[in-house]
Amino acid sequence: MESGGFDFHIIFHSIPFLAKGMGLTLLLTVLGIAGGLVFGTLLALARLAPFKVLSFVAGSYVNFFRSMPLILVIFWFYFLVPLVLGQEIGAFQSVLIAFIMFEAAYYCEIMRAGIQSVKVGQAYAGEALGLTYPQNMRYVVLPQAFRNMIPILVSQAIVLFQDTALVYVVGLSDFLYSADIVANSENRLMEMYVTVAIVYFALCSWGQFQVRNLQKKFAHE
Amino acid sequence: MNETKDTISTDGVGIIQMRHVSKWYGDFQVLANCTTAVDKGEVVVVCGPSGSGKSTLIKVINGLEPFQEGTIIFNGTSVGDRTTNLPKLRSQIGMVFQNFELFPHISIMQNIKLAQMKVLGREDDQARNRSMELLERVGLTDQRDKFPAQLSGGQQQRVAIARGLAMDPMAMLFDEPTSALDPEMINEVLDVMTELAKEGMTMMVVSHEMGFAKRVADRVIFMDQGRIVEDATKDDFFGTPRGDRAQLFLSKILHH
């Protein structure tokens with residue numbers, strides 16, 4: 001075992017390897033948010049639809065996924081779904097699907113609240129101009145709903161960014177797992193775990209800062 | 001005698017025809033057997049105490065509010081018919097709301113362009129030109145790139161009128177267009193509406209502005225508890241309102 005003392009060299013030395021892990025973390029986060037947001041918005045529209053069956057199905061989906069631990073959802077798509085399909089779907093694909101389906105349940109509830117936060121008079125005004133229901137949603141209601149919900153949407157995105165660390169269970173090398181590999185092989189636990197903490201902290205703080213900027217920007221309009 | 005009411009209600013030439021329309025919210029009846037008609041180029045002011053159903057009366061015309069009994073025909077199309085293409089029908093009827101309801105996330109110009117492009121299928125420059133004409137008309141061309149929240153209430157309501165007119169509608173409905181405005185802004189909106197009326201626009205206006213009604217209206221409808229209790233020419237209405245409720249209402253409105 002090497003001496004104590006904080007070894008900065010090991011950090012610099014492993015930057016390319018860690019960057020590659022960060023690449024995977026960011027890719028999963030971005031795709032998970034994008035997919036979750038699109039699917040979640042569709043679920044929200046279904047939940048608010050006047051058709052009872054549609055809104056019941058969407059509501060059940062949301063309640064179900066919100067009752068499950070994320071890691072269990074990952075297990076399903078990695079271990080169970082291939083059994084049902086009879087073929088592998090790959091670690092990356094399976095965790096991505098798990099993230100999107102899981103996040104969609106949360107984004108659905110956020111968007112539902114967002115849509116309901118838009119004054120009913122706005123929808124009336126769009127309808128009175130002759131916009132169809134989908135047009136009214138697309139051009140009048142949803143842009144305002146998104147805007148009202150941006151702080152919560154970003155907070156949820158930050159949670160997903162952190163949650164992507166769970167992919168180590170299926171052997172994917174995200175940022176945390178890459179650092180963990182270095183930490184164990186070089187026996188530099190302190191250096192690597194502190195570095196990881198600082199990077200997560202810096203990125204999440206930057207995210208929160210951007211939220212505040214956006215809020216200020218919209219307040220002017 | 002009630003001659004006026006009978007002659008205007010059933011002659012069948014009105015661009016808006018309403019026959020025996022009733023509407024309930026649960027057990028509460030908001031419209032009770034309402035029958036009236038508005039001819040092309042006519043300006044009808046609808047007044048009455050709050051809760052009398054006057055806003056609902058104009059919201060059923062473009063199908064924003066459903067009704068349970070009776071028929072409404074707009075320019076030959078039955079509003080309550082399930083097969084009616086409501087978005088298309090609505091695009092032919094302009095509507096101005098008490099709280100303006102401009103879209104806060106897009107600019108003034110985009111507010112006026114949106115439905116022209118998405119509903120009427122106008123090209124961008126075509127929609128822009130039409131918007132500029134109307135902004136000029138309401139005196140707000142220099143505000144076109146601002147957002148609604150940057151305008152005063154009176155300015156916002158003038159933009160809302162321009163937005164409605166941009167669809168080249170056959171009639172305009174106004175739902176208490178000046179009730180949410182500060183007193184000093186009421187006239188700038190009424191002036192635009194007066195000019196519109198003089199140009200021959202068919203208008204149905206829910207309003208307590210009796211000065212406007214006296215100057216501009218052809219007819220006045222007075223509502224109480226969901227019923228049309230007076231439907232008379234302007235001169236008859238202000239000269240000799242027949243019902244006690246209408247007299248009481250007028251004395252309250254005119255003497256403060």
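Order of the sequence lines sets the chain letters (A, B, ...), proteins ahead of strands, with each chain counted from 1. Computation of the quantities below employed the complete heavy-atom set of this structure, encompassing side-chain atoms and omitting hydrogens, waters and symmetry-equivalent molecules.
If you measure heavy-atom distances from B/E65 to chain A, the contacts under 4.5 Å come from the side chain alone. Of the atoms belonging to A/Q135, it is side-chain heavy atoms, and not backbone ones, that fall under 4.5 Å from chain B. Contacts of B/L102 with chain A are made by backbone atoms alone, with heavy-atom separations under 4.5 Å and no side-chain atom involved. Proximity to chain A (any heavy atom under 4.5 Å) is shown, for B/L64, by both the backbone and the side chain. Looking at B/F97, the atoms closer than 4.5 Å to chain A (heavy atoms on both sides) all sit in the side chain, from C-beta outward.
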Discussion item. Applying side chain to side chain donor-acceptor pair (under 3.5 Å) to B/Q17 and B/R19, what does each step give before you reach the verdict?
Written reply: CA-CA 7 Å; B/Q17 293 176 55; B/R19 292 196 202 106; 2.6 Å; yes
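Atoms OG and NZ, from A/S178 and A/K20 in turn, are 8.0 Å apart once rounded to the nearest 0.5 Å.
Ring centroids of A/Y61 and A/F39 are separated by less than 6.0 Å, placing the two rings close together. For an aromatic pair to be called close, the ring centres must be under 6.0 Å apart, and A/F161 with A/Y200 satisfies this.
In this structure, the side chain of B/Q155 engages the main chain of B/S152 through a donor-acceptor pair within 3.5 Å.
For the options B/N62, B/L114, B/L173, B/L120, heavy-atom pairs under 4.5 Å to chain A are most numerous at B/L114. Contacts with chain A were tallied for B/K88, B/M167, B/R163; B/R163 has the most, counting heavy-atom pairs under 4.5 Å.
Counting heavy atoms from C-beta on, the side chains of B/S207 and B/E176 never come closer than 4.5 Å.
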